[in-house]
Participant: 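Okay, here's the structure, questions in a sec.
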Amino acid sequence: MAQAEQTLQEVLEAFDFGAPVVGALRYGCGHINDTFVVHTQPEDCCCRRFILQRMSAAAFKRPDQLMENITGVTEYLGKQIQSQGGDRSREAMEVISPKNGQPYYTDSQGGAWRLYPFVEHTVCHQAADSPELFAASGRAFGRFQQLLKDYPAETLYETIPHFHDTEDRLAKFKAAVEADKLGRVKDCQPEIDFVLAREADCSVALNAMREGKLPVRVTHNDTKLNNVLMDEATGEGVCIIDLDTVMPGLVIYDFGDSIRFGANHCAEDETDLSKVSLDVDLFTTYTAAFLEGTGGSLTNDEIAYLPWGAKLMTLECGIRFLTDYLVGDEYFHISREKQNLDRCRTQFKLVADMEARWAELEAIVKQYQKA
Ligand code: ADP
Ligand code: GN1
Ligand code: MG
């Protein structure tokens with residue numbers, strides 16, 4: 001797909017910003033969508049900002065269904081937050097329709113764009129610089145889970161089919177190794193062997209779901225620390241963003257993806273693996289905070305499987321980065337060569353750490369099981 005900048009002007013004209021647009025700049029550190037911050041200058045007050053995004057065509061084949069999900073979920077969240085006395089305009093995303101009244105705009109190249117108000121006086125963190133910050137994100141993601149607990153999951157489209165189907169991710173990985181279309185297999189045999197040694201693990205959560213041990217709920221499915229906006233003054237979680245993958249799923253996925261990204265002190269693409277390790281104290285902190293946020297609504301089995309959520313989300317993400325490296329970096333944005341291979345390596349280092357400290361992780365979550 002062409003660079004988003006090519007149609008940016010056309011897209012800006014498709015929306016009514018209520019004031020003259022004075023600039024639009026690339027924004028944020030997401031791996032998937034093309035995100036811009038749009039500055040406008042109303043006559044009577046200071047600059048108002050918006051988030052304008054071109055949804056990734058590689059990731060999302062049906063932007064119509066994606067936006068139906070997001071519209072439904074954001075309206076529902078808005079009502080829930082209002083009924084609890086919260087501030088709807090800060091605590092829930094809000095879709096702003098283009099002038100044509102649709103929930104999103106399709107540009108002349110086929111790109112699908114949406115607009116949100118910029119949630120001001122918030123900070124988006126790329127790393128858990130303090131336990132307090134990580135705890136705040138855990139409470140926010142747990143609360144998100146609780147707010148959506150009665151949302152009719154069956155009305156949600158699967159925006160990315162088989163998103164956290166680790167068995168399917170494994171099958172796609174094997175196909176990429178087999179095809180080796182760019183001759184990259186030779187660069188990553190240890191990583192390939194790492195995955196193959198963990199084939200059985202890929203079925204653990206799915207088996208528990210099939211056996212009825214883990215219930216299907218509405219989940220966010222992409223609970224990275226940088227998908228929650230924190231209040232710049234209090235440090236508390238304000239608004240959960242990046243709702244593209246809100247779908248039916250397992251709660252251990254939401255817990256696990258946060259641990260994968262946040263319970264260590266390195267960037268996802270750190271090249272010095274000696275710096276990458278699981279911080280068990282942060283795991284402990286996040287567990288308490290997330291469970292507090294969910295308001296005690298998880299079953300004992302769900303709690304028991306939390307370490308599996310952490311391990312599987314990390315293993316799966318590593319498998320996805322490695323697969324993308326093998327097929328030529330088609331899905332995750334990269335800014336340098338081998339970045340997806342480096343990302344894969346950090347994930348596998350974290351998986352190995354989790355395995356080494358498995359008994360500790362199980363003991364931590366066990367404390368929260370009800371008698
Ligand atoms: P991606 O799927 O590519 O990660 P996101 O929806 O997470 O895209 O947006 C990318 C970044 O843009 C976020 O990490 C955050 O910094 C910023 N962002 C997104 N939505 C908003 C918003 N409504 N207000 C303020 N910042 C936002
Ligand atoms: C992507 O969209 P973003 O950057 O928050 C990806 C996640 C991965 C993550 C790895 C829709 O998240 O699944 O875990 O990168 N999102 C999608 O950083 O594929
Ligand atoms: Mg994001």
Side-chain angles (χ1 to χ4, degrees), residues 4 25-39 48-61 63 66 69-70 74 77 89-96 113-127 137 141 158-166 169 219-232 238-247 249 253-254 256-262 264 266-270 309-310 312-324 329-334 339-340 342-344 346-347 350:
L25 298 168
R26 283 232 173 224
Y27 191 76
C29 299
H31 293 340
I32 304 297
N33 297 306
D34 290 291
T35 302
F36 295 84
V37 60
V38 179
H39 295 246
R48 259 189 86 197
R49 299 195 288 175
F50 297 83
I51 288 285
L52 179 64
Q53 282 181 322
R54 184 176 73 167
M55 292 166 256
S56 163
F60 306 110
K61 306 296 174 211
L66 170 62
N69 275 7
I70 292 192
T74 50
L77 282 172
S89 69
R90 269 170 73 70
E91 295 173 36
M93 302 283 277
E94 197 173 352
V95 176
I96 303 174
W113 297 74
R114 64 178 168 221
L115 186 70
Y116 297 118
F118 192 102
V119 184
E120 298 289 355
H121 307 296
T122 58
V123 187
C124 176
H125 294 271
Q126 302 305 326
S137 76
F141 281 122
E158 238 189 309
T159 54
I160 302 180
H162 302 290
F163 190 60
H164 284 318
D165 177 341
T166 315
R169 297 289 187 184
T219 47
H220 182 283
N221 296 306
D222 189 3
T223 51
K224 294 203 292 199
L225 183 66
N226 63 14
N227 284 332
V228 52
L229 302 177
M230 323 295 290
D231 189 282
E232 68 183 12
V238 175
C239 183
I240 302 294
I241 60 168
D242 206 345
L243 306 178
D244 296 322
T245 49
V246 175
M247 288 185 274
Y253 299 156
D254 279 5
D257 199 49
S258 294
I259 297 296
R260 173 191 80 71
F261 188 81
N264 74 85
C266 283
E268 214 171 45
D269 63 348
E270 172 62 58
L312 285 174
M313 288 300 94
T314 314
L315 178 64
E316 181 189 280
C317 198
I319 293 174
R320 293 173 63 197
F321 287 142
L322 185 53
T323 306
D324 205 35
D329 308 301
E330 291 171 348
Y331 186 89
F332 294 105
H333 292 170
I334 54 165
Q339 194 173 13
N340 275 321
D342 291 333
R343 288 172 176 153
C344 153
T346 63
Q347 302 307 291
L350 290 170

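Order of appearance sets the numbers: ligands from 1, and atoms from 1 within every ligand.
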Participant: Let's go through Leu229 and Ile241 carefully: what are the C-alpha distance in whole Å and the side-chain angles of both, what is the deciding distance for side chain to side chain contact (heavy atoms under 4.5 Å, CB included) to 0.1 Å, and is it a yes or a no?
Facilitator: CA-CA 7 Å; Leu229 302 177; Ile241 60 168; 3.8 Å; yes
Participant: Applying side chain to side chain contact (heavy atoms under 4.5 Å, CB included) to Phe261 and Gln347, what does each step give before you reach the verdict?
Facilitator: CA-CA 9 Å; Phe261 188 81; Gln347 302 307 291; over 6 Å; no
Participant: With heavy atoms under 4.0 Å as the rule, classify the contact between Asp242 and ligand 1 as side chain, backbone, both or neither.
Facilitator: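 Both backbone and side chain.
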Participant: Nearest 0.5 Å, please: how far is NE2 in His125 from OG in Ser137?
Facilitator: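 Taking OG in Ser137 and NE2 in His125, the distance rounds to 9.5 Å.
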Participant: For ligand 2, find each of its N or O atoms that sits under 3.5 Å from a protein N or O atom, and tabulate the pairs with distances to one decimal place.
Facilitator:
| unit_1 | atom_1 | unit_2 | atom_2 | d |
| --- | --- | --- | --- | --- |
| ligand 2 | 2 (O) | Asp222 | OD2 | 3.4 |
| ligand 2 | 2 (O) | Asp242 | OD2 | 3.2 |
| ligand 2 | 4 (O) | His31 | N | 2.8 |
| ligand 2 | 4 (O) | Lys224 | NZ | 3.0 |
| ligand 2 | 5 (O) | Asp222 | OD2 | 3.1 |
| ligand 2 | 5 (O) | Asn227 | ND2 | 3.0 |
| ligand 2 | 5 (O) | Asp242 | OD2 | 2.9 |
| ligand 2 | 12 (O) | Asp222 | OD1 | 3.4 |
| ligand 2 | 12 (O) | Asp222 | OD2 | 3.1 |
| ligand 2 | 13 (O) | Arg320 | NH1 | 2.7 |
| ligand 2 | 13 (O) | Arg320 | NH2 | 3.4 |
| ligand 2 | 14 (O) | Arg260 | NH2 | 3.3 |
| ligand 2 | 16 (N) | Asp222 | OD2 | 3.3 |
| ligand 2 | 18 (O) | His31 | NE2 | 3.3 |
| ligand 2 | 18 (O) | Lys224 | NZ | 2.7 |
| ligand 2 | 18 (O) | Glu268 | OE1 | 2.9 |
| ligand 2 | 18 (O) | Glu268 | OE2 | 2.7 |
| ligand 2 | 19 (O) | Arg320 | NH2 | 2.8 |
| ligand 2 | 19 (O) | Tyr331 | OH | 2.5 |

Participant: Under a 4.0 angstrom heavy-atom cut-off, which atoms of ligand 1 come close to Cys124?
Facilitator: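 Result: 14 (O), 15 (C), 16 (O).
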Participant: Mind checking whether Pro117 contacts ligand 1 via backbone (N, CA, C, O), side chain (CB onward), both or neither, at a 4.0 Å heavy-atom cut-off?
Facilitator: backbone
Participant: Heavy atom under 4.0 Å from ligand 1: found in Thr122's side chain, backbone, both, or neither?
Facilitator: neither
Participant: Rounded to the nearest 0.5 Å, what's the gap from CZ on Arg320 to OG1 on Thr166? Could you check?
Facilitator: 10.0 Å
Participant: Can you find an N/O atom of Gly30 closer than 3.5 Å to an N/O atom of ligand 1?
Facilitator: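 Checking ligand 1 against Gly30, no N or O pair falls under 3.5 Å apart.
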Participant: Should you measure from each heavy atom of Ile32, which atoms of ligand 1 turn up under 4.0 Å away?
Facilitator: 2 (O), 3 (O)
Participant: What protein heavy atom sits nearest atom 22 (C) of ligand 1, and how far off is it?
Facilitator: Ile51 CG1, 3.5 Å
Participant: How close do Cys344 and Leu322 get, heavy atom to heavy atom, and via which atoms?
Facilitator: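 In terms of heavy atoms, the two residues are closest at SG-CB, 3.8 Å.
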Participant: Tell me which protein heavy atom sits closest to atom 11 (C) of ligand 1, plus the residue, atom name and distance to 0.1 Å.
Facilitator: Gly28 CA, 4.0 Å
Participant: To the nearest 0.5 angstrom, please state how far the CZ atom of Arg260 sits from the CD atom of Glu316.
Facilitator: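 So the gap between those two atoms works out to 9.5 Å.
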Participant: Is the shortest distance from a Lys or Arg side-chain nitrogen in Glu120 or Arg48 to a carboxylate oxygen in the other one below 4.0 Å?
Facilitator: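 Salt bridge absent between Glu120 and Arg48.
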Participant: State the NZ-CZ distance between Lys224 and Phe141, to the nearest 0.5 angstrom.
Facilitator: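 With rounding to 0.5 Å, NZ (Lys224) is 10.5 Å from CZ (Phe141).
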Participant: Verify the distance criterion only: is there a donor paired with an acceptor across the side chains of Gln53 and Thr35 at less than 3.5 Å?
Facilitator: yes
Participant: Can you give me the closest heavy-atom contact between Arg343 and Thr346, atom names plus distance?
Facilitator: O-OG1, 2.8 Å
Participant: What's the separation between atom CE in Met55 and atom CG in Asp244, rounded to the nearest 0.5 Å?
Facilitator: 7.5 Å
Participant: Taking all non-hydrogen atoms of both residues, which atom of Thr159 and which atom of Thr245 are closest, and how far apart?
Facilitator: OG1-CA, 4.0 Å
Participant: If you have a sec, work out which protein heavy atom is nearest atom 24 (N) of ligand 1 and how many Å separate them, to one decimal?
Facilitator: Val119 N, 3.0 Å
Participant: For Asp242 and His220, which heavy atoms make the closest approach, and how far apart are they?
Facilitator: O-NE2, 3.1 Å
Participant: Any non-hydrogen side-chain atom of Leu77 less than 4.5 Å from a side-chain atom of Met93?
Facilitator: no
Participant: Just need the protein heavy atom nearest to atom 19 (C) of ligand 1, so name the residue and atom and give the distance.
Facilitator: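 Looking at atom 19 (C) of ligand 1, the protein heavy atom closest to it is Ile241 CD1, 3.6 Å.
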Participant: Is there a side-chain contact between Arg26 and Asp34 (heavy atoms, below 4.5 Å)?
Facilitator: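 When only atoms from C-beta onward are counted, Asp34 and Arg26 do touch, with a gap below 4.5 Å.
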Participant: Under the side chain to side chain contact (heavy atoms under 4.5 Å, CB included) criterion, do Glu94 and Thr74 qualify, and how do the steps go?
Facilitator: CA-CA 6 Å; Glu94 197 173 352; Thr74 50; over 6 Å; no
Participant: For atom 14 (O) of ligand 1, which protein heavy atom lies nearest, and how many Å away is it?
Facilitator: Asn226 O, 3.2 Å
Participant: Would you kindly specify which portion of Asp222 sits under 4.0 Å from ligand 1, judged on non-hydrogen atoms: side chain, backbone, both or neither?
Facilitator: neither
Participant: Give me the residue, atom name and distance of the protein heavy atom closest to atom 10 (C) of ligand 1.
Facilitator: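 Checking every protein heavy atom, the shortest distance to atom 10 (C) of ligand 1 gives Thr35 OG1, 3.7 Å.
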Participant: What protein N/O/S atoms are found closer than 2.8 Å to the Mg ion (ligand 3)?
Facilitator: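 Result, waters dropped: Asn227 OD1, Asp242 OD2.
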Participant: Apply side chain to side chain contact (heavy atoms under 4.5 Å, CB included) to residues Leu52 and Tyr116 and explain how you reach the verdict.
Facilitator: CA-CA 7 Å; Leu52 179 64; Tyr116 297 118; over 6 Å; no
Participant: Heavy atoms only, cut-off 4.0 Å: how does Gln53 contact ligand 1, side chain, backbone, both, or neither?
Facilitator: side chain
Participant: Heavy-atom contacts with Asn227 under 4.0 Å: which atoms of ligand 1 show up? List them by number with element.
Facilitator: 7 (O)
Participant: Looking only at protein heavy atoms, identify the closest one to atom 3 (O) of ligand 1 and say how far it is in Å.
Facilitator: Asn33 N, 2.9 Å
Participant: Pull out every atom of ligand 1 sitting under 4.0 Å from any heavy atom of Tyr27, numbered as shown with elements.
Facilitator: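 Listed by number with element, the hits are 12 (O), 16 (O), 17 (C).
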Participant: If you round to the nearest 0.5 Å, how far is SG of Cys317 from CG of Leu350?
Facilitator: 10.5 Å
